Amino acid sequence: MYHLIYISNAHPLLNEYELRSMVEPCRQKNVGLDITGILFYSAGHFVQLLEGEQDIIESLYSRICLDNRHHNVRRLLSLPVEGRWFGAWSMALLNVDQRTTLEETCLVQLVREAEAAQRSHSHSALSRRLLQQFRDLIPSPQDAQRNIKS
């Protein structure tokens, strides 16, 4: 299993509907490629953690770098890991603009930790804990489906 985290600038800025419309086809493709992870969107920036087989993740990242919706794409971290952290989601989505200031601060902290981990070639426990906190904020795919049907 392999993790890759990147940050990019979104162009143009996206509202909630546009963001969800962009994500849905990606989720469907990810299912076929056995890719899971989470996408954060905040103030015109994407931060995404992708997890899956290394060659598939690297190929997807190359396509993201060429995607005109992403500008200034920067890899924050890439490394082999023991297992999936977001295995229940083909692409969990957290629009931080819709969340509290505390969570925005956590996102900034996550990016800083990922950058520090890249420099030191280690993946810190804090980054893992922050990702797990974000994972806990997101309803499971089954819960989300139930809310749509209600």
Side-chain angles (χ1 to χ4, degrees), residues 1-79 81 83-115 117-118 123 127-150:
M1 193 55 46
Y2 186 74
H3 276 182
L4 187 146
I5 301 174
Y6 73 88
I7 187 169
S8 68
N9 300 333
H11 183 74
L13 294 178
L14 303 170
N15 63 38
E16 184 73 16
Y17 174 79
E18 292 166 330
L19 182 61
R20 292 192 179 280
S21 295
M22 180 192 81
V23 165
E24 194 51 43
C26 297
R27 284 179 171 155
Q28 293 171 11
K29 288 179 186 175
N30 286 356
V31 168
L33 296 171
D34 196 27
I35 294 173
T36 54
I38 184 168
L39 175 69
F40 301 97
Y41 179 76
S42 179
H45 296 88
F46 294 113
V47 176
Q48 187 167 22
L49 177 143
L50 299 165
E51 52 190 10
E53 295 302 318
Q54 182 174 354
D55 57 339
I56 295 171
I57 295 298
E58 288 293 347
S59 175
L60 176 58
Y61 178 70
S62 295
R63 289 193 306 274
I64 289 167
C65 289
L66 298 174
D67 188 323
N68 63 7
R69 296 172 291 189
H70 296 270
H71 296 275
N72 195 24
V73 181
R74 297 175 316 279
R75 180 188 304 243
L76 299 177
L77 180 71
S78 53
L79 74 163
V81 294
R84 294 180 189 270
W85 295 355
F86 292 89
W89 297 273
S90 58
M91 185 190 297
L93 173 63
L94 186 58
N95 184 348
V96 181
D97 289 340
Q98 305 296 319
R99 301 290 179 165
T100 67
T101 303
L102 173 63
E103 290 159 355
E104 289 179 37
T105 302
C106 288
L107 183 59
V108 169
Q109 191 173 3
L110 173 65
V111 170
R112 287 183 184 148
E113 283 294 316
E115 289 172 335
Q118 182 183 30
H123 191 53
S127 292
R128 184 179 179 100
R129 192 171 70 245
L130 288 170
L131 283 166
Q132 289 170 335
Q133 288 173 354
F134 283 121
R135 182 179 59 197
D136 294 342
L137 290 172
I138 304 164
S140 71
Q142 297 80 10
D143 290 341
Q145 194 63 24
R146 272 188 241 125
N147 290 340
I148 291 170
K149 291 179 181 176
S150 302

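One is the number of the first residue; the rest follow in order along the sequence. Because the structure is predicted, anything quoted here is derived from the model rather than measured.
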Which pair of heavy atoms, one from C65 and one from V73, lies closest together, and at what distance?
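Nearest heavy atoms, C65 then V73: SG-CG1, 3.8 Å.
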Specify the closest pair of heavy atoms between T36 and W89, including all atoms of both residues, with the distance to one decimal.
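Nearest pair, atom of T36 first, then W89: CB-O, 3.1 Å.
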Using a 4.5 Å cut-off on heavy atoms from C-beta on, say whether the side chain of F40 contacts that of I7.
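They are not in side-chain contact.
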Contact between E58 and L4 at the side-chain level, heavy atoms closer than 4.5 Å - yes or no?
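Side chain of E58 against side chain of L4, heavy atoms only: contact under 4.5 Å found.
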Please say whether more than 12 non-hydrogen atoms of neighbouring residues, nucleotides or ligands are located less than 6.0 Å from CD in E53.
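Open.
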Under 6.0 Å from the NE2 atom of H11, do we count more than 12 heavy atoms belonging to anything else shown?
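Counting other residues, nucleotides and ligands, NE2 of H11 stays at 12 neighbours or fewer.
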Calculate, to the nearest 0.5 Å, the distance between atoms [atom1] and [atom2] belonging to [X] and [Y] respectively.
X	Y	atom1	atom2	result
L93	C26	CG	SG	10.5 Å
M1	L79	CE	CG	12.5 Å
L60	I56	CG	CD1	9.5 Å
I5	L50	CD1	CG	9.0 Å

Are any side-chain N or O atoms of N72 and backbone N or O atoms of N9, one a donor and one an acceptor, separated by less than 3.5 Å?
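Absent.
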Are the side chain of E51 and the backbone N or O of F86 linked by a donor-acceptor pair below 3.5 Å?
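Yes; at least one donor-acceptor contact below 3.5 Å.
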Report the C-alpha separation of R84 and D34 in whole Å, then their side-chain angles, then the decisive distance to 0.1 Å, and conclude whether the side chain to side chain contact (heavy atoms under 4.5 Å, CB included) test is met.
CA-CA 11 Å; R84 294 180 189 270; D34 196 27; 3.0 Å; yes
Aromatic plane relationship, F46 with H70 - under 30° parallel, 30 to 60° tilted, over 60° perpendicular
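Correct class here is tilted.
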Measure up the Y6 and Y61 rings against each other and bin them: parallel (under 30°), tilted (30 to 60°), perpendicular (over 60°).
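Taking Y61 first and then Y6, their aromatic rings sit tilted (interplane angle of 30° to 60°).
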With respect to S90, which candidate in L33, I35, N30 satisfies the side-chain contact (heavy atoms from CB on, under 4.5 Å) definition?
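Going through the options one by one, the only one that passes is N30.
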May I ask you to decide whether R20 forms a salt bridge with E16, counting only side-chain N to carboxylate O separations under 4.0 Å?
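Here R20 pairs with E16 in a salt bridge, since their nearest N and O are under 4.0 Å apart.
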Apply side chain to side chain contact (heavy atoms under 4.5 Å, CB included) to the pair E18 and M22, showing each step before the final yes or no.
CA-CA 6 Å; E18 292 166 330; M22 180 192 81; over 6 Å; no
